Amino acid sequence: MNEEKEVEEQSKPLVLEKLEANHADTLLAQDESRGTVVVVVRKEQAYAVLEYLKTDPELAYTYLVDVTAVDNSQMESELIQFDYARFMVIYQLYSYQGQCRVRVKVPVHENDLSISSVTGLWRAANWLERETYDMFGIHFEGHPDLRRILMPDDFEGHPLRKDYPLQGRGERERFNFDKQNV
Amino acid sequence: MGLDFGPDTGTDGNIITTTIDKVVNWGRKNSLWPMPFGTACCAIEMMATLASKFDLSRFGSEAIRFSPRQSDLLIVSGRISIKMMPVLKRIYDQMPDPKWVISMGACASCGGVFDTYTLIQGVDQFIPVDVYIPGCPPRPEDLIDAVLQVQQKIASGASPKGVEAIL
Ligand code: SF4
């Protein structure tokens, strides 16, 4: 029994150990999913945690793989767990040095959709954050150019939100095909 | 080609008569210059059709042009979103007459399984389509068949859908 426990402790990922040591107050939850460490952090400290993950010489999560979001409005279990935050902004990071991944999730409430942009840390975040803004309406504060990227500029609404009808709200019929700059 | 051998002039049938339209159509039919508009998976099949294994050049259509101004056959292969439709329309408008359009695959023809907020449910709402190809994706043989149908249409002297729409 003891031996097993030891093995478990030894295999605790470095990133979790270091986050617990340095950012324990901001960790809301931690999990493991198919070999990837998943941490949920408070929105206010999310930038600091991401900066730490990138710049710490032992962790060196220098590669921002993806920024996206999830609308949990129909996921009762998630809502209850994170103080009824409707959205979860998700950062996928990869460390070439440690050859491992980490997923950072940040709960965002519907009444305050702003969150710090990480374009200052990874330039790759530029378009990823624009996509997340386009699809979910999350506002990334400090983003140099937060415009829609997939939908047309005059599109209204954020189509990946769960309350957006699949067939749209008549955009297909209303779309002005003559006035577009092509 | 609608050829008739001329009256017996003693030249061993070396004189043939036809009409100028038939000669022109014969030339058009055998040298279609396609403009590929590949926006999704169907385009992969289109590329296969053009490559050596299926070899569309056997039917005189190997001169793919990426400038609409040099082509007379538009192959729409893939999903067209509302944001892309003005581009497609512009490209169609830039092609010189006479021009033909093939709508390849379920998505281009009717939206396919993507009955969503952003997808055009059939490009024929905006541009005239001459030949539709069913399938998801259609096999290269289907595209070759469509090109042959366009050829038949040209040979028969029928107007392209785009001209019919104006007349
Ligand atoms: S019809 Fe099928 S293969 Fe063609 S673009 Fe649509 S989904 Fe892709």
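Each chain gets a letter, A, B and so on, in the order its sequence line appears, and its residues count up from 1. Since we're looking at a predicted model, the values are computed, not measured.
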Q: Check whether B/Leu32 and B/Tyr132 end up in the same hydrophobic cluster, where Ile, Leu, Val, Met, Phe, Trp and Tyr are linked by side-chain heavy atoms less than 4.5 Å apart.
A: no
Q | Atom of B/Ile82, atom of A/Glu171 and distance for their closest heavy-atom approach | A | CD1-CB, 4.3 Å
Q) Can you list every pair that meets side-chain hydrogen bond (donor to acceptor under 3.5 Å, both in side chains) and has a residue in residues 106-118 of chain B, with sequence neighbours left out? A) A/Gln167-B/Asp115, A/Arg172-B/Asp115, B/Ser103-B/Ser109
Q: Check each atom of B/Gln125 against the heavy atoms of chain A and say whether the ones under 4.5 Å are side chain, backbone, both or neither.
A: neither
Q.
Tell me whether A/Glu156 at atom CD has more than 12 heavy atoms from other residues, nucleotides or ligands lying less than 6.0 Å away.
A. no
Q: Using the rule that two of Ile, Leu, Val, Met, Phe, Trp, Tyr join whenever any of their side-chain heavy atoms come within less than 4.5 Å, decide whether B/Ile64 and B/Trp33 are in one cluster.
A: no
Q) Rounded to the nearest 0.5 Å, how far apart are NZ of B/Lys83 and CG of A/Asp153? A) 6.5 Å
